[in-house]
Amino acid sequence: MRFAPNPNGPPTIGSARGIIINGEYVKMYKGKYIIRFDDTDPKTKRPMLEAYDWYLEDIEWLGYKPDEVIYASKRIPKYYEYARKLVEMGKAYVCFCEREKFKEIKAAGLECEHRNAAIEDNVENWEKMLEGKFREGEAVLRIKTDMKHPDPAIRDWVAFRIIYTSHPLVGDAYFVYPTLDFESAIEDKLCGTTHILRGKDLMDSEKKQRYIYEYFGWEYPVTKHWGRVKIYEFGKLSTSGLKRDIQAGKFEGWDDPRVPTVRALRRRGFDPEAIRKFFISLGLGENEVAVSMNNLYAENRKIIDPKANRYFFMWEPVEIKIEGLPEEKRVELPLNPNREDKRVLKGESRVLITREDFEKFRGEMIRLKGFCNIKLDKVAEFIEFEIGNVKKGKIIHWLPASEVKKCKIIGEVNMDGFCEANVVRDLGNVVQFERFAFCRIEKMVDDYVKAIYTHP
RNA sequence: GCUCCGGUGGUGUAGCCCGGUCAAACAUACGGGCCUUUCGAGCCCGCGCCCCGGGUUCAAAUCCCGGCCGGAGCACCA
């Protein structure tokens with residue numbers, strides 16, 4: 001099995017599907033997992049140097065270990081060998097037609113003048129091509145298929161073209177690059193790929209590649225194509241579109257928590273297991289699917305909820321004073337309801353609550369969770385420490401006014417507020433801000449806590 | 001337009017190959033309830049689906065034909 005990305009950006013949620021589905025099959029059948037970088041176009045889909053490692057990193061993070069990593073751009077001479085064989089077999093030819101002109105000929109189902117050139121001439125032209133005797137766009141190597149093929153896209157497709165643009169990985173070592181269809185066809189054979197699982201967009205690739213397999217007498221791998229995923233919250237996933245938005249300053253970078261990349265999910269505090277389960281549950285349907293991130297959130301919650309520590313976070317805080325508080329109380333609250341360990345808050349007379357709760361419960365008796373019951377107002381009246389008969393739904397979260405940390409939450413939800421000083425013990429972890437959402441405490445910046453919004 | 005795919009609750013899947021056990025399962029969403037301490041979590045309950053029309057058959061979500069709808073590809077991109 002293989003996963004073959006073009007590293008023109010970091011892996012997105014869409015790439016994760018390919019990584020996971022292929023990876024799972026490898027595990028299930030004890031196969032061999034090859035990561036192959038299809039980086040054969042330095043111009044239109046130019047690879048990013050950093051992205052190669054990003055892929056490897058994210059693949060490992062998702063829980064898979066490649067048995068082999070291949071860089072197509074470093075194996076170009078191999079492809080030349082096979083191309084030459086095809087030329088010598090009369091199954092490929094150097095075509096000098098202009099792009100538009102060939103299109104017309106192709107559309108008409110005719111053969112161009114170069115198609116039937118003598119094999120010796122084609123060998124010579126192919127050599128000239130490799131020697132750099134032609135300009136960019138002047139010549140291409142085409143695979144002979146059938147000019148009457150019902151699908152015009154299949155008719156004598158291009159296997160090699162000339163690109164005089166330096167490649168991020170191999171520099172100026174080559175200027176005749178294979179197209180994906182050719183490179184992939186040869187590489188799958190070389191690597192002994194038995195099964196190909198990939199997106200539906202590559203469905204026609206198989207038809208083109210089968211010609212090569214037939215000419216060489218090879219057996220084509222078993223293929224399965226899945227439909228495109230559309231995440232409801234993000235729309236269609238496209239690396240190039242994302243690149244534009246980042247360059248335009250719409251996002252901070254490839255790991256901006258609002259962006260659909262694997263690294264952004266990692267930064268938000270997703271557990272890789274949740275992402276795996278999510279994609280396994282999506283399956284391999286050939287229809288286009290539109291799922292909501294809610295499904296991913298649900299998977300993540302199952303994993304994160306039993307572990308995440310609870311803390312109070314105050315958005316739009318309102319300070320109130322409790323009149324008649326007999327003494328300050330050391331308030332102990334569980335870090336997680338499933339465990340015994342506690343966190344401590346100072347139960348003092350000046351507390352912060354949210355404006356929302358203040359307006360909703362003003363004048364009523366409510367309970368500050370774990371602390372005491374009060375009759376709520378700007379100056380509230382202390383009732384008792386015991387829970388008494390507080391009705392359900394009237395227990396709210398609060399913060400001692402003298403012991404808070406400023407807290408900035410960024411991501412899908414952006415919010416400034418205050419949180420317990422206790423959160424510093426969970427630096428780097430995902431916590432649950434009660435009655436708010438799960439967040440990952442990223443770091444301390446100067447005097448405030450920077451948190452990333454994970455999900456509700 | 002041409003060439004291929006596909007259509008199961010709101011959403012995503014299982015079941016289809018090898019017809020009966022499917023008056024259809026699971027997850028998520030939604031609605032309601034529970035919790036002496038999160039009314040944005042958790043637990044419980046509920047809601048709701050085989051695209052349409054023919055055919056084959058004792059029997060069809062499953063097989064066949066036609067229609068409708070949706071998607072992918074049609075590059076010197078991957």
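Quick caveat, the model's predicted, so the values are computed rather than measured. Every chain is numbered from 1, with letters handed out A, B, ... down the list of sequences.
- Under the 3.5 Å distance criterion, with hydrogens and angles disregarded, a donor-acceptor pair is assigned to the side chains of A:Asn373 and A:Arg367.
- Within the nucleic acid shown, A:Thr40 comes within 4.0 Å of sugar-phosphate atoms alone, with no base atom in reach, counting heavy atoms only.
- For A:His114 and A:Tyr93, the ring centers sit 6.0 Å or farther from each other.
- One can find a donor-acceptor pair under 3.5 Å joining the base of B:C39 and the side-chain atoms of A:Lys360.
- Residue A:Trp226 is out of contact with every strand shown, counting any heavy-atom pair closer than 4.0 Å.
- Listed nucleotides: B:C77, B:A75, B:G42. Nearest to the side chain of A:Lys106: B:A75.
- Checked against the 6.0 Å centroid threshold, A:Tyr71 and A:Tyr52 count as a close aromatic pair.
- The residue A:Leu282 sits close only to the backbone: its heavy atoms come under 4.0 Å of sugar-phosphate atoms, none of a base.
- Between the side chains of A:Glu316 and A:Thr354, no donor-acceptor pair is found at a separation under 3.5 Å.
- Among the protein residues, A:Ala4 comes within range of no part of the nucleic acid, since none of its heavy atoms lies under 4.0 Å from any strand.
- Within the nucleic acid shown, A:Cys97 comes within 4.0 Å of at least one base atom, counting heavy atoms only.
- When distances run from any side-chain atom of A:Lys369 to the nucleotides B:U37, B:C39, B:U11, the shortest one goes to B:U37.
- Rounded to a whole angstrom, the distance from the P atom of B:G6 to that of B:C51 is 14 Å.
- Contacts of A:Phe361 with the nucleic acid, taken as non-hydrogen atoms under 4.0 Å apart, include base atoms.
- Using a 30° and 60° split on the angle between ring planes, A:Tyr174 and A:Tyr177 fall in the perpendicular class, above 60°.
- For A:Asn295, taking side-chain heavy atoms from C-beta onward, the closest of the listed nucleotides B:G12, B:U28, B:G40 is B:U28.
- Within residues 161-171 of chain A, the residues approaching RNA chain B are A:Arg161, by heavy-atom distance under 4.0 Å.
- Side-chain proximity of A:Val291 to the nucleotides B:A78, B:G12, B:A29 is greatest for B:G12.
- Partners of A:Glu332 according to the salt bridge (charged side-chain N to carboxylate O under 4.0 Å, His left out) rule, which considers only residues two or more places apart in sequence or in another chain, are A:Arg330.
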Please tabulate the protein-to-nucleotide N/O contacts below 3.5 Å involving nucleotides 3-7 of chain B, giving atom names and distances.
unit_1 : atom_1 : unit_2   : atom_2 : d
B:C5   : O2'    : A:Glu286 : OE1    : 2.2
B:G6   : O2'    : A:Asn287 : OD1    : 3.0
B:G6   : O2'    : A:Asn287 : ND2    : 2.7

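- In the set B:A41, B:A78, B:U28, the nucleotide with an atom closest to the side chain of A:Lys302 is B:U28.
- Residue A:Gly283 is out of contact with every strand shown, counting any heavy-atom pair closer than 4.0 Å.
- Classified by interplanar angle (parallel below 30°, tilted 30° to 60°, perpendicular above 60°), the ring pair A:His397/A:Trp315 is tilted.
- Annotation for A:Lys329: atom NZ counts as buried by contact number, over 12 foreign heavy atoms lying within 6.0 Å.
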